[in-house]
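Start at 1 with the first residue, then count along the sequence. As the structure lists them, so they are numbered: ligands from 1, and atoms in each ligand from 1.
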Amino acid sequence: MGRRQELEKRQTLLARFGRLIATENRLDSLLTIIAEEVRNILDADRCSVFLVDSYKGELWTRVALGMEEKILRMPLGQGIAGFVAKTGSAVNIRDAYRDTRFTQDLDRITSYQTRSVLAVPLKGHDGQVLGVFEVLNKARGPFTDEDDGLLRILGTMAASFIENASLYDELRRSHLETIYRMALVAEFRDQQDTGKHLRRMSRISGILASAMGMSYHESEDIRYASPLHDIGKVAIPDSILRKPDKLSFEEYEEMKRHTIYGSQMLIHAESRLLRLAAVVAIAHHENYDGTGYPYGLKGEAIPIEARIVSVADVFDALTSKRVYKGAWTLADTLAHIKAQAGKQFDPAVVERLQVCFAEVVAAMAEEDQRTAAEENLMTPPAVPGQISQKSLQA
Ligand code: C2E
Ligand code: SIN
Ligand code: SIN
Ligand code: FE
(Lines give C-alpha, C1' and ligand atoms only; values in the text may rest on other atoms or scores of the structure.)
(Ligands and ions follow the chains in the order given, each with its own letter.)
Protein backbone atom coordinates (compact mmCIF):
# COMPACT_ATOMS: atom_id res chain seq x y z
CA MET A 1 0.00 0.00 0.00
CA GLY A 2 1.30 3.45 -0.85
CA ARG A 3 1.89 6.07 1.79
CA ARG A 4 -1.07 8.12 0.68
CA GLN A 5 -3.47 5.16 0.66
CA GLU A 6 -2.26 4.17 4.07
CA LEU A 7 -3.03 7.64 5.43
CA GLU A 8 -6.46 7.57 3.82
CA LYS A 9 -7.17 4.18 5.29
CA ARG A 10 -6.11 5.44 8.67
CA GLN A 11 -8.42 8.47 8.35
CA THR A 12 -11.32 6.18 7.56
CA LEU A 13 -10.57 3.94 10.52
CA LEU A 14 -10.28 6.90 12.88
CA ALA A 15 -13.56 8.36 11.67
CA ARG A 16 -15.25 5.02 12.13
CA PHE A 17 -13.76 4.71 15.61
CA GLY A 18 -15.06 8.15 16.56
CA ARG A 19 -18.54 7.33 15.28
CA LEU A 20 -18.74 3.99 17.06
CA ILE A 21 -17.61 5.14 20.47
CA ALA A 22 -19.94 8.13 20.38
CA THR A 23 -23.01 5.90 20.16
CA GLU A 24 -22.42 3.84 23.29
CA ASN A 25 -22.96 5.05 26.83
CA ARG A 26 -22.74 1.76 28.69
CA LEU A 27 -19.24 1.18 29.98
CA ASP A 28 -19.15 -2.56 29.35
CA SER A 29 -20.24 -2.26 25.70
CA LEU A 30 -18.04 0.77 25.16
CA LEU A 31 -14.95 -1.08 26.38
CA THR A 32 -15.76 -4.03 24.14
CA ILE A 33 -16.12 -1.78 21.08
CA ILE A 34 -12.94 0.11 21.87
CA ALA A 35 -10.86 -3.02 22.35
CA GLU A 36 -12.10 -4.56 19.11
CA GLU A 37 -11.54 -1.42 17.01
CA VAL A 38 -8.14 -0.61 18.46
CA ARG A 39 -7.01 -4.16 17.88
CA ASN A 40 -7.95 -3.89 14.21
CA ILE A 41 -6.54 -0.45 13.66
CA LEU A 42 -3.16 -1.40 15.12
CA ASP A 43 -3.05 -4.79 13.50
CA ALA A 44 -2.55 -6.36 16.91
CA ASP A 45 -3.73 -9.70 18.18
CA ARG A 46 -5.22 -8.28 21.36
CA CYS A 47 -6.20 -5.03 22.93
CA SER A 48 -6.87 -4.60 26.64
CA VAL A 49 -8.28 -1.55 28.30
CA PHE A 50 -7.30 -1.23 31.95
CA LEU A 51 -9.14 1.27 34.11
CA VAL A 52 -7.97 2.81 37.36
CA ASP A 53 -10.05 2.18 40.45
CA SER A 54 -8.64 4.97 42.55
CA TYR A 55 -10.76 3.97 45.55
CA LYS A 56 -9.06 0.60 45.76
CA GLY A 57 -5.74 1.66 44.28
CA GLU A 58 -6.08 -0.96 41.58
CA LEU A 59 -6.29 -1.42 37.86
CA TRP A 60 -9.01 -3.63 36.47
CA THR A 61 -9.76 -5.09 33.08
CA ARG A 62 -12.23 -7.49 31.56
CA VAL A 63 -10.91 -10.65 30.02
CA ALA A 64 -12.68 -13.35 28.09
CA LEU A 65 -12.20 -16.80 29.56
CA GLY A 66 -13.88 -19.16 27.15
CA MET A 67 -17.55 -18.18 27.19
CA GLU A 68 -17.25 -16.17 30.35
CA GLU A 69 -15.96 -12.70 31.05
CA LYS A 70 -14.16 -11.93 34.24
CA ILE A 71 -12.90 -8.82 35.88
CA LEU A 72 -9.23 -9.09 36.72
CA ARG A 73 -7.66 -6.70 39.17
CA MET A 74 -4.11 -5.83 39.99
CA PRO A 75 -2.42 -3.33 42.26
CA LEU A 76 -1.46 -0.01 40.68
CA GLY A 77 2.21 -0.24 39.80
CA GLN A 78 2.22 -3.94 39.04
CA GLY A 79 2.78 -5.28 35.53
CA ILE A 80 3.27 -3.28 32.39
CA ALA A 81 -0.13 -1.66 32.60
CA GLY A 82 0.46 -0.83 36.26
CA PHE A 83 3.78 0.78 35.41
CA VAL A 84 2.16 2.92 32.72
CA ALA A 85 -0.69 3.92 35.01
CA LYS A 86 1.67 4.87 37.79
CA THR A 87 4.26 6.75 35.74
CA GLY A 88 1.99 8.13 33.03
CA SER A 89 4.56 7.25 30.39
CA ALA A 90 4.18 4.86 27.45
CA VAL A 91 5.92 1.53 27.13
CA ASN A 92 6.87 -0.24 23.91
CA ILE A 93 8.54 -3.64 24.23
CA ARG A 94 9.40 -6.33 21.72
CA ASP A 95 9.58 -9.25 24.08
CA ALA A 96 7.52 -9.05 27.22
CA TYR A 97 9.04 -12.12 28.85
CA ARG A 98 12.42 -10.38 28.91
CA ASP A 99 10.99 -7.33 30.66
CA THR A 100 11.12 -7.43 34.45
CA ARG A 101 7.97 -5.33 34.75
CA PHE A 102 5.93 -8.03 33.08
CA THR A 103 4.39 -10.44 35.61
CA GLN A 104 2.87 -13.07 33.26
CA ASP A 105 -0.15 -13.14 35.58
CA LEU A 106 -2.68 -12.30 32.89
CA ASP A 107 -1.02 -14.66 30.43
CA ARG A 108 -1.26 -17.48 32.93
CA ILE A 109 -4.92 -16.83 33.67
CA THR A 110 -5.91 -16.47 30.03
CA SER A 111 -3.47 -19.09 28.62
CA TYR A 112 -1.87 -16.58 26.33
CA GLN A 113 1.64 -15.77 25.29
CA THR A 114 2.44 -12.09 25.07
CA ARG A 115 5.36 -11.09 22.88
CA SER A 116 5.24 -7.44 21.82
CA VAL A 117 3.42 -4.87 23.97
CA LEU A 118 2.57 -1.26 23.34
CA ALA A 119 0.92 0.50 26.26
CA VAL A 120 -0.08 4.14 26.56
CA PRO A 121 -1.78 5.99 29.40
CA LEU A 122 -5.37 7.06 29.00
CA LYS A 123 -5.77 10.55 30.41
CA GLY A 124 -8.89 12.27 31.64
CA HIS A 125 -9.95 15.85 30.98
CA ASP A 126 -7.79 17.23 33.77
CA GLY A 127 -4.76 15.14 32.91
CA GLN A 128 -5.12 12.40 35.54
CA VAL A 129 -4.52 8.84 34.41
CA LEU A 130 -7.87 7.09 33.88
CA GLY A 131 -6.39 3.87 32.66
CA VAL A 132 -4.15 2.19 30.14
CA PHE A 133 -4.58 1.15 26.53
CA GLU A 134 -2.55 -1.90 25.73
CA VAL A 135 -2.10 -3.70 22.41
CA LEU A 136 -0.36 -7.04 22.25
CA ASN A 137 1.40 -9.12 19.62
CA LYS A 138 1.49 -7.03 16.48
CA ALA A 139 0.92 -9.13 13.37
CA ARG A 140 4.23 -8.19 11.74
CA GLY A 141 7.29 -6.90 13.56
CA PRO A 142 7.43 -4.81 16.71
CA PHE A 143 5.19 -1.80 17.34
CA THR A 144 6.61 1.39 15.83
CA ASP A 145 6.72 5.01 16.95
CA GLU A 146 3.92 5.60 14.50
CA ASP A 147 1.83 2.94 16.25
CA ASP A 148 2.60 4.68 19.51
CA GLY A 149 1.31 7.99 18.11
CA LEU A 150 -1.78 6.31 16.73
CA LEU A 151 -2.59 4.56 19.98
CA ARG A 152 -2.27 7.88 21.82
CA ILE A 153 -4.71 9.51 19.39
CA LEU A 154 -7.18 6.67 19.89
CA GLY A 155 -6.73 6.99 23.65
CA THR A 156 -7.41 10.71 23.54
CA MET A 157 -10.51 10.14 21.42
CA ALA A 158 -11.79 7.46 23.77
CA ALA A 159 -10.96 9.11 27.10
CA SER A 160 -13.91 11.45 27.48
CA PHE A 161 -16.34 8.74 26.40
CA ILE A 162 -14.87 6.34 28.93
CA GLU A 163 -15.04 9.03 31.59
CA ASN A 164 -18.71 9.72 30.87
CA ALA A 165 -19.60 6.05 30.69
CA SER A 166 -17.84 5.41 34.00
CA LEU A 167 -19.84 8.16 35.65
CA TYR A 168 -23.03 6.78 34.19
CA ASP A 169 -22.05 3.28 35.30
CA GLU A 170 -21.36 4.50 38.80
CA LEU A 171 -24.72 6.24 38.98
CA ARG A 172 -26.49 3.15 37.71
CA ARG A 173 -24.66 0.98 40.19
CA SER A 174 -25.47 3.19 43.14
CA HIS A 175 -29.09 3.29 42.04
CA LEU A 176 -29.18 -0.51 41.86
CA GLU A 177 -27.39 -0.81 45.15
CA THR A 178 -29.86 1.52 46.82
CA ILE A 179 -32.75 -0.52 45.50
CA TYR A 180 -31.17 -3.70 46.76
CA ARG A 181 -30.44 -2.24 50.18
CA MET A 182 -34.04 -1.00 50.45
CA ALA A 183 -35.10 -4.58 49.89
CA LEU A 184 -32.65 -5.79 52.52
CA VAL A 185 -34.15 -3.36 55.02
CA ALA A 186 -37.61 -4.70 54.34
CA GLU A 187 -36.58 -8.33 54.79
CA PHE A 188 -34.33 -7.76 57.74
CA ARG A 189 -37.00 -8.38 60.38
CA ASP A 190 -38.39 -11.33 58.55
CA GLN A 191 -35.53 -13.73 58.05
CA GLN A 192 -32.11 -14.72 59.19
CA ASP A 193 -30.63 -15.14 55.76
CA THR A 194 -32.09 -11.97 54.38
CA GLY A 195 -29.57 -11.38 51.62
CA LYS A 196 -29.60 -14.93 50.42
CA HIS A 197 -33.33 -15.05 49.84
CA LEU A 198 -33.29 -11.79 47.93
CA ARG A 199 -30.35 -12.70 45.75
CA ARG A 200 -31.71 -16.11 44.97
CA MET A 201 -35.17 -14.98 44.00
CA SER A 202 -33.65 -12.16 42.02
CA ARG A 203 -31.43 -14.58 40.08
CA ILE A 204 -34.29 -17.01 39.48
CA SER A 205 -36.52 -14.17 38.27
CA GLY A 206 -33.82 -13.06 35.82
CA ILE A 207 -33.27 -16.57 34.51
CA LEU A 208 -37.01 -17.15 34.02
CA ALA A 209 -37.44 -13.77 32.34
CA SER A 210 -34.79 -14.44 29.73
CA ALA A 211 -36.10 -17.99 29.28
CA MET A 212 -39.50 -16.44 28.56
CA GLY A 213 -37.87 -14.67 25.61
CA MET A 214 -37.41 -11.28 27.20
CA SER A 215 -34.50 -9.18 26.02
CA TYR A 216 -31.33 -8.88 28.03
CA HIS A 217 -32.32 -5.44 29.30
CA GLU A 218 -35.85 -6.52 30.23
CA SER A 219 -34.53 -9.54 32.12
CA GLU A 220 -32.00 -7.39 33.91
CA ASP A 221 -34.75 -4.97 34.92
CA ILE A 222 -36.73 -7.83 36.41
CA ARG A 223 -33.66 -9.13 38.14
CA TYR A 224 -33.04 -5.78 39.81
CA ALA A 225 -36.66 -4.88 40.55
CA SER A 226 -37.74 -8.25 41.92
CA PRO A 227 -36.03 -8.02 45.35
CA LEU A 228 -38.48 -5.25 46.24
CA HIS A 229 -41.57 -7.43 45.78
CA ASP A 230 -42.14 -7.75 49.55
CA ILE A 231 -41.08 -4.23 50.56
CA GLY A 232 -44.63 -3.65 51.84
CA LYS A 233 -43.90 -6.08 54.68
CA VAL A 234 -42.17 -3.22 56.51
CA ALA A 235 -45.69 -2.05 57.35
CA ILE A 236 -46.76 -5.43 58.79
CA PRO A 237 -46.49 -5.71 62.59
CA ASP A 238 -43.96 -8.10 64.10
CA SER A 239 -46.72 -10.02 65.86
CA ILE A 240 -47.90 -11.15 62.43
CA LEU A 241 -44.67 -11.18 60.47
CA ARG A 242 -42.75 -13.21 63.01
CA LYS A 243 -45.52 -15.45 64.24
CA PRO A 244 -44.04 -18.93 64.58
CA ASP A 245 -47.23 -20.73 63.52
CA LYS A 246 -50.22 -20.37 61.29
CA LEU A 247 -51.80 -16.95 60.83
CA SER A 248 -55.42 -16.42 61.83
CA PHE A 249 -57.89 -15.31 59.16
CA GLU A 250 -57.60 -11.66 60.26
CA GLU A 251 -53.84 -11.82 60.48
CA TYR A 252 -53.60 -13.25 56.98
CA GLU A 253 -55.94 -10.52 55.69
CA GLU A 254 -53.55 -7.93 57.11
CA MET A 255 -50.53 -9.80 55.74
CA LYS A 256 -52.07 -9.75 52.26
CA ARG A 257 -51.97 -5.98 52.38
CA HIS A 258 -48.18 -6.06 51.97
CA THR A 259 -48.85 -6.07 48.23
CA ILE A 260 -50.81 -2.83 48.42
CA TYR A 261 -48.42 -1.16 50.86
CA GLY A 262 -45.51 -2.05 48.61
CA SER A 263 -47.06 -0.58 45.53
CA GLN A 264 -48.08 2.57 47.42
CA MET A 265 -44.46 3.04 48.43
CA LEU A 266 -43.14 2.65 44.90
CA ILE A 267 -45.72 3.52 42.32
CA HIS A 268 -45.08 7.25 41.89
CA ALA A 269 -41.33 6.83 41.67
CA GLU A 270 -39.46 8.62 38.95
CA SER A 271 -37.19 5.62 38.50
CA ARG A 272 -38.32 3.14 35.87
CA LEU A 273 -37.00 0.24 37.94
CA LEU A 274 -38.92 1.35 41.02
CA ARG A 275 -42.13 1.63 39.01
CA LEU A 276 -41.54 -1.88 37.68
CA ALA A 277 -40.98 -2.97 41.28
CA ALA A 278 -44.37 -1.43 42.16
CA VAL A 279 -46.06 -3.55 39.50
CA VAL A 280 -44.36 -6.67 40.85
CA ALA A 281 -45.21 -5.75 44.45
CA ILE A 282 -48.92 -5.31 43.77
CA ALA A 283 -49.37 -8.40 41.60
CA HIS A 284 -46.92 -11.07 42.79
CA HIS A 285 -49.62 -12.90 44.79
CA GLU A 286 -52.20 -12.89 42.02
CA ASN A 287 -52.94 -16.42 40.82
CA TYR A 288 -53.22 -17.40 37.17
CA ASP A 289 -56.70 -18.85 37.78
CA GLY A 290 -57.96 -15.65 39.40
CA THR A 291 -57.95 -16.89 43.02
CA GLY A 292 -55.06 -14.71 44.22
CA TYR A 293 -54.85 -11.32 45.95
CA PRO A 294 -55.27 -8.39 46.21
CA TYR A 295 -57.52 -8.05 43.13
CA GLY A 296 -58.11 -11.59 41.90
CA LEU A 297 -56.64 -10.78 38.47
CA LYS A 298 -56.64 -13.67 36.03
CA GLY A 299 -54.29 -15.00 33.33
CA GLU A 300 -52.73 -12.44 31.04
CA ALA A 301 -54.34 -9.65 33.05
CA ILE A 302 -51.56 -10.26 35.55
CA PRO A 303 -48.43 -8.46 34.35
CA ILE A 304 -45.90 -10.97 33.00
CA GLU A 305 -43.20 -9.65 35.37
CA ALA A 306 -45.42 -10.54 38.32
CA ARG A 307 -46.22 -14.00 36.91
CA ILE A 308 -42.47 -14.62 36.70
CA VAL A 309 -41.64 -13.29 40.16
CA SER A 310 -44.52 -15.27 41.64
CA VAL A 311 -42.88 -18.54 40.56
CA ALA A 312 -39.41 -17.39 41.68
CA ASP A 313 -40.77 -16.21 45.05
CA VAL A 314 -42.61 -19.41 45.87
CA PHE A 315 -39.74 -21.54 44.61
CA ASP A 316 -37.42 -19.78 47.00
CA ALA A 317 -39.95 -19.58 49.87
CA LEU A 318 -40.56 -23.32 49.75
CA THR A 319 -36.90 -24.31 49.56
CA SER A 320 -36.07 -21.98 52.49
CA LYS A 321 -36.80 -22.27 56.16
CA ARG A 322 -39.28 -19.72 57.50
CA VAL A 323 -40.37 -18.90 61.06
CA TYR A 324 -43.58 -20.77 60.32
CA LYS A 325 -42.28 -23.69 58.19
CA GLY A 326 -39.28 -25.88 57.42
CA ALA A 327 -37.38 -26.02 54.12
CA TRP A 328 -38.76 -28.26 51.37
CA THR A 329 -36.56 -30.39 49.12
CA LEU A 330 -35.96 -29.28 45.53
CA ALA A 331 -37.94 -32.26 44.22
CA ASP A 332 -40.99 -31.54 46.42
CA THR A 333 -40.81 -27.88 45.48
CA LEU A 334 -40.70 -28.55 41.76
CA ALA A 335 -43.51 -31.09 42.05
CA HIS A 336 -45.66 -28.57 43.94
CA ILE A 337 -45.03 -25.84 41.39
CA LYS A 338 -45.77 -28.18 38.48
CA ALA A 339 -49.03 -29.21 40.14
CA GLN A 340 -49.97 -25.52 40.39
CA ALA A 341 -49.42 -24.78 36.69
CA GLY A 342 -52.57 -23.15 35.40
CA LYS A 343 -53.82 -22.71 38.98
CA GLN A 344 -51.50 -20.54 41.04
CA PHE A 345 -48.96 -20.12 38.24
CA ASP A 346 -48.75 -19.26 34.57
CA PRO A 347 -48.15 -22.65 32.87
CA ALA A 348 -45.70 -21.05 30.42
CA VAL A 349 -43.50 -19.86 33.28
CA VAL A 350 -43.66 -23.25 35.00
CA GLU A 351 -42.65 -24.89 31.73
CA ARG A 352 -39.62 -22.55 31.51
CA LEU A 353 -38.71 -23.37 35.09
CA GLN A 354 -38.58 -27.05 34.19
CA VAL A 355 -36.44 -26.36 31.12
CA CYS A 356 -34.04 -24.15 33.09
CA PHE A 357 -34.10 -26.19 36.26
CA ALA A 358 -30.39 -27.03 36.21
CA GLU A 359 -29.49 -23.37 35.68
CA VAL A 360 -31.79 -22.30 38.50
CA VAL A 361 -30.31 -24.83 40.91
CA ALA A 362 -26.78 -23.78 39.97
CA ALA A 363 -27.63 -20.11 40.50
CA MET A 364 -29.11 -20.88 43.93
CA ALA A 365 -26.01 -22.80 44.94
CA GLU A 366 -23.83 -19.94 43.76
CA GLU A 367 -25.79 -17.40 45.80
CA ASP A 368 -25.66 -19.70 48.84
CA GLN A 369 -21.89 -19.70 48.66
CA ARG A 370 -21.49 -15.97 48.54
CA THR A 371 -19.94 -14.52 51.63
CA ALA A 372 -21.12 -11.51 53.53
CA ALA A 373 -18.21 -9.53 52.10
CA GLU A 374 -19.72 -9.97 48.67
CA GLU A 375 -23.10 -8.78 49.84
CA ASN A 376 -22.76 -5.61 47.78
CA LEU A 377 -22.06 -7.44 44.54
CA MET A 378 -25.31 -6.73 42.77
CA THR A 379 -23.11 -5.42 39.99
CA PRO A 380 -24.35 -5.33 36.45
CA PRO A 381 -23.00 -8.33 34.56
CA ALA A 382 -20.16 -7.90 32.15
CA VAL A 383 -21.75 -8.79 28.84
CA PRO A 384 -25.27 -9.24 27.54
CA GLY A 385 -26.47 -12.75 28.27
CA GLN A 386 -24.17 -13.29 31.18
CA ILE A 387 -25.45 -13.22 34.67
CA SER A 388 -22.50 -14.48 36.60
CA GLN A 389 -19.48 -12.35 37.18
CA LYS A 390 -16.85 -12.91 39.78
CA SER A 391 -13.70 -10.98 40.17
CA LEU A 392 -10.50 -12.90 40.48
CA GLN A 393 -9.08 -10.90 43.29
CA ALA A 394 -5.33 -10.81 43.46
P1 C2E B 1 -43.39 -15.94 52.21
O2 C2E B 1 -43.03 -16.74 53.41
O3 C2E B 1 -42.28 -15.24 51.50
O4 C2E B 1 -44.14 -16.88 51.20
C5 C2E B 1 -44.44 -16.47 49.89
C6 C2E B 1 -45.39 -17.41 49.21
O7 C2E B 1 -44.78 -18.72 49.10
C8 C2E B 1 -46.69 -17.68 49.96
O9 C2E B 1 -47.63 -16.66 49.74
C10 C2E B 1 -47.11 -19.00 49.33
O11 C2E B 1 -47.66 -18.79 48.06
C12 C2E B 1 -45.79 -19.72 49.17
N13 C2E B 1 -45.56 -20.55 50.36
C14 C2E B 1 -44.74 -20.31 51.40
N15 C2E B 1 -44.77 -21.32 52.28
C16 C2E B 1 -45.63 -22.23 51.80
C17 C2E B 1 -46.09 -23.51 52.26
O18 C2E B 1 -45.69 -24.01 53.31
N19 C2E B 1 -46.98 -24.17 51.46
C20 C2E B 1 -47.43 -23.65 50.29
N21 C2E B 1 -48.31 -24.34 49.55
N22 C2E B 1 -47.03 -22.43 49.83
C23 C2E B 1 -46.15 -21.75 50.58
P24 C2E B 1 -48.78 -16.42 50.81
O25 C2E B 1 -49.30 -17.72 51.32
O26 C2E B 1 -49.78 -15.47 50.25
O27 C2E B 1 -48.04 -15.74 52.01
C28 C2E B 1 -47.52 -14.42 51.94
C29 C2E B 1 -46.69 -14.15 53.17
O30 C2E B 1 -47.51 -14.29 54.33
C31 C2E B 1 -45.57 -15.16 53.37
O32 C2E B 1 -44.44 -14.79 52.61
C33 C2E B 1 -45.33 -15.05 54.86
O34 C2E B 1 -44.59 -13.89 55.19
C35 C2E B 1 -46.73 -14.86 55.39
N36 C2E B 1 -47.35 -16.14 55.78
C37 C2E B 1 -48.09 -16.97 55.01
N38 C2E B 1 -48.50 -18.02 55.73
C39 C2E B 1 -48.01 -17.87 56.98
C40 C2E B 1 -48.13 -18.63 58.21
O41 C2E B 1 -48.77 -19.69 58.28
N42 C2E B 1 -47.48 -18.13 59.30
C43 C2E B 1 -46.78 -16.98 59.27
N44 C2E B 1 -46.17 -16.56 60.38
N45 C2E B 1 -46.66 -16.21 58.14
C46 C2E B 1 -47.28 -16.67 57.02
C1 SIN C 1 -0.04 -6.17 31.59
O2 SIN C 1 -0.20 -6.86 30.60
O3 SIN C 1 0.25 -4.98 31.58
C4 SIN C 1 -0.25 -6.76 32.94
C5 SIN C 1 0.06 -8.18 32.93
C6 SIN C 1 1.46 -8.49 33.34
O7 SIN C 1 2.29 -7.62 33.50
O8 SIN C 1 1.69 -9.70 33.48
C1 SIN D 1 -15.37 -2.75 38.83
O2 SIN D 1 -15.27 -3.88 39.35
O3 SIN D 1 -14.94 -1.74 39.40
C4 SIN D 1 -16.04 -2.60 37.52
C5 SIN D 1 -16.94 -3.72 37.19
C6 SIN D 1 -18.09 -3.34 36.31
O7 SIN D 1 -18.08 -2.32 35.63
O8 SIN D 1 -19.08 -4.09 36.31
FE1 FE E 1 -45.14 -11.44 49.02
Side-chain angles (χ1 to χ4, degrees), residues 182-205 208 222 225-266 276-297 302-303 305-346 349-350 353 360 364 367:
M182 276 169 70
L184 276 181
V185 169
E187 296 262 311
F188 209 74
R189 277 187 311 148
D190 198 356
Q191 282 157 68
Q192 307 84 346
D193 275 334
T194 325
K196 238 165 228 174
H197 164 60
L198 289 177
R199 286 194 307 262
R200 284 201 311 220
M201 68 81 54
S202 149
R203 289 285 298 277
I204 300 170
S205 301
L208 291 176
I222 292 181
S226 57
L228 286 175
H229 69 287
D230 270 346
I231 185 104
K233 282 186 181 172
V234 293
I236 305 295
D238 272 359
S239 58
I240 298 179
L241 190 69
R242 310 185 69 163
K243 183 169 174 177
D245 49 2
K246 247 187 114 45
L247 302 178
S248 70
F249 177 82
E250 289 76 22
E251 287 167 336
Y252 191 46
E253 287 305 299
E254 176 57 22
M255 175 56 93
K256 287 177 177 176
R257 299 188 59 82
H258 79 275
T259 51
I260 294 171
Y261 297 146
S263 96
Q264 283 173 337
M265 292 170 197
L266 299 166
L276 173 62
V279 168
V280 170
I282 192 78
H284 73 281
H285 287 291
E286 295 291 0
N287 292 345
Y288 198 72
D289 64 7
T291 61
Y293 61 86
Y295 299 127
L297 298 178
I302 308 165
E305 295 86 353
R307 278 180 268 147
I308 288 169
V309 170
S310 160
V311 171
D313 182 34
V314 174
F315 188 94
D316 193 65
L318 293 180
T319 53
S320 313
K321 192 178 150 337
R322 290 283 200 263
V323 286
Y324 64 94
K325 60 170 271 296
W328 293 24
T329 65
L330 281 176
D332 287 350
T333 303
L334 187 60
H336 171 79
I337 289 177
K338 269 163 73 177
Q340 288 296 322
K343 297 176 189 165
Q344 188 173 359
F345 306 119
D346 178 350
V349 180
V350 175
L353 174 68
V360 166
M364 290 183 56
E367 296 304 334

Hey, does D313 come in under 3.5 Å of ligand 1, counting only N/O atoms on both sides? no

Taking heavy atoms and a distance under 4.0 Å, where does K243 meet ligand 1: side chain, backbone, both or neither? both

Option with minimal heavy-atom separation from atom 46 (C) of ligand 1, where the choices are V314, D316, L247, L241: L247

Between N287 (side chain only) and D289 (backbone N and O only), is there a donor and an acceptor less than 3.5 Å apart? no

Please report whether ligand 1 has a polar contact with Y324, defined as an N or O pair separated by less than 3.5 Å (distance criterion only). yes

What is the name of the N/O/S atom in D230 that sits closest to the Fe ion (ligand 4)? OD1

Any R242 heavy atom less than 4.0 Å from ligand 1: no

Are F345 and V314 side-chain neighbours, meaning at least one heavy-atom pair lies under 4.5 Å? yes

Flag H258 as yes if one of its N/O/S atoms falls below 2.8 Å of the Fe ion (ligand 4), otherwise no. yes

Closest H285 atom to the Fe ion (ligand 4) [N, O or S only]: NE2

Among D230, L318, D245, which residue places a heavy atom closest to atom 16 (C) of ligand 1? L318

Should you measure from each heavy atom of Y293, which atoms of ligand 1 turn up under 4.0 Å away? 24 (P), 26 (O), 27 (O), 28 (C)

Can you name the one residue among L241, I240, I236 that meets side-chain contact (heavy atoms from CB on, under 4.5 Å) with E251? I240

For E367, which of K196, R200, R203 qualifies under salt bridge (Lys or Arg N to Asp or Glu O under 4.0 Å)? R203

K338 side chain to A341 backbone, donor-acceptor under 3.5 Å: no

Do D316 and M364 have side chains that approach each other closer than 4.5 Å (heavy atoms only, starting at C-beta)? yes

Kindly assign one of parallel, tilted or perpendicular to the pair Y293 and H285, based on the angle between their ring planes and the thresholds 30° and 60°. parallel

Of the side chain and backbone of K246, name the one, both, or neither that has a heavy atom under 4.0 Å from an atom of ligand 1. both

Crowding at NZ, K325 (>12 non-hydrogen neighbours, <6.0 Å): yes

Option set Q344, M201, H285, criterion heavy-atom distance to atom 8 (C) of ligand 1, minimum: H285

Mind listing the closest non-hydrogen atom pair of L353 and V360 along with its distance? CD1-CG2, 4.0 Å

Atoms of ligand 1 under 4.0 Å from any heavy atom of K325, numbered from 1 in the order shown, are 15 (N), 16 (C), 18 (O)

If the cut-off is 2.8 Å, does any N/O/S atom of D313 fall short of it from the Fe ion (ligand 4)? no

Determine whether a donor-acceptor pair (N or O, by modelled atom type, separation under 3.5 Å) exists between the side chain of H258 and the backbone of M255. yes

Numbered in order shown, the ligand 1 atoms found under 4.0 Å of a heavy atom of M255 are 29 (C), 30 (O), 34 (O), 35 (C)

Any chance OH of Y295 has more than 12 other-residue heavy atoms, nucleotides or ligands included, within less than 6.0 Å? no

Short N or O distance, Y252 and ligand 1, threshold 3.5 Å exclusive: yes

Per-atom filter on ligand 1: closer than 4.0 angstrom to a heavy atom of H336 are 21 (N)

